[in-house]
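Can you read through this structure? Questions will come right after.
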Protein chains: 2
Amino acid sequence: MLDERKTAILRAVVEEYIATASPVGSTHIANAQGVKVSSATVRNEMAVLEQEGYLAQPHTSAGRIPTDRGYRFFVDHMVAPGQLDSEASQQVGAFFDTAHGRLEELLHQTTNLLAHVTHHAAVVVGPRGETAVVRSVQVVGLGGRAATVVAVLSNGTVENEQIELQGEMSEVRLSAVSAHLQAHLPGRTLDSGRDVPATGDVELDNVCSIAIQSLATSAADEPVFVGGAASMARAFDAVDTVRSVLHTLEQQYVLVSLVRDVLSRGLSVAIGAEHGVAPLVSCSVIVKPVFVDGEQVGTVGVLGPTRMDYPQAMATVEVVSDRLGRRLSDGGSN
Amino acid sequence: MLDERKTAILRAVVEEYIATASPVGSTHIANAQGVKVSSATVRNEMAVLEQEGYLAQPHTSAGRIPTDRGYRFFVDHMVAPGQLDSEASQQVGAFFDTAHGRLEELLHQTTNLLAHVTHHAAVVVGPRGETAVVRSVQVVGLGGRAATVVAVLSNGTVENEQIELQGEMSEVRLSAVSAHLQAHLPGRTLDSGRDVPATGDVELDNVCSIAIQSLATSAADEPVFVGGAASMARAFDAVDTVRSVLHTLEQQYVLVSLVRDVLSRGLSVAIGAEHGVAPLVSCSVIVKPVFVDGEQVGTVGVLGPTRMDYPQAMATVEVVSDRLGRRLSDGGSN
DNA sequence: GCTGGCACTCGGTAGCCTGGAGTGCCAATG
DNA sequence: CATTGGCACTCCAGGCTACCGAGTGCCAGC
């Protein structure tokens, strides 16, 4: 554990570096408020902080920059729950006051909101439909052998898949399928849909199982939305870094497992190498699950350079996750 | 119009520049196949081509690079309809053979396919639901005052919106809404849905109109999918260009109107400044509408640096648009 | 009309230098 | 004895120069 003075110095380094993005020297620190010693003392302390792994020097005779560990300490011990500055919270408020429409669209928009407020990339992972209960199902013919099967789930999601019929079916027969599914599926999860009783009519049963099968498959993977990826180009000036980060951001499964992984370790912030995704070593992630009636329906987060403004970003994610949850739980009036 | 020799020289410059990305000098051209004159002659011809606006010199004593006009001539007069190289067409084939699922997902995947094959950013604009005819509608309560309204359209799209009821409604009353809509909406466009006859029950009519209203709104704007934006970071090495291009790519409405605009001018390729979107001056777009049964259901395209491999990109877009159309028209067996 | 030759141009790279910011260490100090 | 002012040292960033090479434009000769 660090004594008070080291803490103050570390804080000053982190804050200065976040603000200026260039290594910070002892003199700046000595002038910073909260530090009341001379630059020489600061130098000594910084040398110690470096040995202990909180700071690093890009090269001799340069200032210090925080290491992942330094940021970690900063985040764990120095970021007060704090609240959002008024402009940002106004933007968030305005967004949720006017937001409407379907879940997917809302999540997508949330991504833009987060990106816009934090100036970082935003990631929103939607609910997976697997565990949700079916409210309603319907099969609709589209002419020829194509049909669409639509399910409304209890969490508000709508899953729909296009299926191909083995042969043409009349409207009447298709409504029979619809009716059968509608009679047996609601109240169950899509996953458990397999054991819907048979009708005895081979063709109908066949369509039923195809329909359930495709719905279950499509519900199995959670939708991911990414917004503001372009801000990564602003965050780094090494083109190579930009390339690799952007490339990684496009691989949605990487993002999903990153987010899942961070949450499963009980973290809400993963700094640099902590999250273990190599191309994103120079990035930090802040995530927060979204709960509706105690059930997790998704995750919101931002992803930015390790030298991001943690207090602001954490507060934003916090507020957005909260408002989004409330927004979803009561369908609009909050 | 250019004589044969100038044509050959221009072609050589374009091809060389596309391949190497650096200004090409007279000596290279003289060695290129298809050009049988000395470098001195090439120099003279290039000077003329420059005066006529087909080539430009970054600075005195550098090689020439094609101007937008140069690319335009190349595209118009030198790109044979040609076909895709076998590896690429195999990738496309494999994709459409295994692709399945709902329209949106398919379009999204198409975006990745295009990006992957061409190594450029891909843009896919989906169908707008306005003009499509409703096949089926349903209103499903979600508990409390929330409800979801789902419509299956004739083009295979599923529109769904969450709506907020003025007060709680029983399942029975909601199914009454469903039934009423289902009785009157199918066969019409969502746009014309406003004049569905009233039931006389104020509450029901109210819900009906809200439902139709939200569906119509959500159907009005076409979905846009962008993939492979990260490749722009590979295409340019000026960080600023990357920033502005990426930023522009995130503004979906810009993309939609860009695509629409290019198509409406009857073009399939827009080069550099031709498309009039300032931040994308160093980019070209190749678009192709997707038709299903003679009706346009969307547009696929790629967006890359003006010095992109036009023949390859054009062929890819062509093939993908075609296969996608066939894929959509018969629900899977092509 | 084409071509070889030549003088000229100009950007990019490498090498050099210098100024400044920063460090580490030490001796002095309260 | 912790703190501090001072000092010698380090090293990067940026400006300067020189040079090389690729390329051009022009001209005289074929």
Side-chain angles (χ1 to χ4, degrees), chain A residues 2-10 12-17 19-67 70 236-239 307, chain B residues 2-10 12-17 19-67 70 236-239 307:
Chain A
L2 301 179
D3 63 40
E4 198 174 334
R5 194 168 68 188
K6 286 203 185 62
T7 305
I9 291 175
L10 179 55
V13 172
V14 170
E15 286 176 347
E16 181 83 5
Y17 186 66
T20 65
S22 56
V24 5
S26 53
T27 324
H28 286 298
I29 300 304
N31 295 336
Q33 66 160 187
V35 179
K36 296 181 200 66
V37 291
S38 76
S39 68
T41 310
V42 173
R43 279 202 287 284
N44 292 329
E45 293 288 47
M46 293 210 298
V48 177
L49 283 169
E50 179 170 358
Q51 276 191 330
E52 293 175 345
Y54 295 99
L55 295 178
Q57 243 179 332
H59 55 84
T60 342
S61 91
R64 302 304 208 291
I65 64 179
T67 59
F236 301 103
D237 34 40
V239 185
R307 78 175 139 67
Chain B
L2 302 178
D3 63 39
E4 199 176 331
R5 196 167 67 186
K6 286 204 185 59
T7 306
I9 291 176
L10 179 55
V13 172
V14 171
E15 287 176 347
E16 181 83 5
Y17 186 65
T20 66
S22 57
V24 5
S26 53
T27 324
H28 285 298
I29 299 304
N31 296 335
Q33 66 160 183
V35 180
K36 294 181 200 65
V37 290
S38 76
S39 67
T41 310
V42 172
R43 279 202 287 284
N44 292 329
E45 293 289 45
M46 293 210 299
V48 177
L49 284 169
E50 179 169 357
Q51 275 192 330
E52 292 175 346
Y54 295 100
L55 295 179
Q57 245 180 330
H59 55 85
T60 344
S61 92
R64 303 303 208 291
I65 63 180
T67 60
F236 301 104
D237 34 41
V239 186
R307 78 175 138 69

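Lettering of chains follows the sequences in order, A, B, ..., and the numbering in each one begins at 1.
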For Q57(A) and A62(A), indicate whether the former's side chain and the latter's backbone hold a donor-acceptor pair under 3.5 Å.
yes
At under 4.0 Å between heavy atoms, which parts of nucleotides 12-22 of chain C does protein reach? Answer with one letter per nucleotide, 5' to 3': B base, S sugar-phosphate only, - none.
----------B
Take atom CD1 of I9(A) and atom P of dT23(C), then tell me their distance rounded to the nearest Å.
11 Å
Side chains of E52(A) and L2(A), heavy atoms from C-beta outward: is any pair under 4.5 Å?
yes
Has T67(A) got a side-chain atom pairing as donor or acceptor with A56(A)'s backbone, closer than 3.5 angstrom?
no
To the nearest Å, how far apart are N44(B) CG and dG23(D) P?
17 Å
Of the listed nucleotides dT3(C), dG25(D), dC2(C), the one nearest the side chain of A47(B)
dG25(D)
Report the distance from atom CD1 of I65(B) to atom P of dG23(D), rounded to the nearest whole Å.
14 Å
Residue R5(A), side-chain heavy atoms: nucleotide from dT3(C), dT3(D), dT4(D) that is nearest
dT3(D)
Measuring only between side-chain heavy atoms, which start at C-beta, is V13(B) closer than 4.5 Å to M46(B)?
yes
Here the distance between atom C1' of dT4(D) and atom CG of N31(A), to the nearest Å, is 15 Å
Atom pair CG (L49(A)) and CG (L55(A)), whose distance is rounded to the nearest 0.5 Å:
5.0 Å
Are any of S38(A)'s side-chain N or O atoms less than 4.0 Å away from OP1 or OP2 of dT4(D)?
yes
Please classify the nucleic acid contact of T41(A) as base, sugar-phosphate, or nothing, using heavy-atom distances under 4.0 Å.
base
L49(B) has an atom CG; how far is it from atom P of dG25(D), in whole Å?
12 Å
Do K6(A) and D3(A) come close enough that some side-chain heavy atom pair is under 4.5 Å?
yes
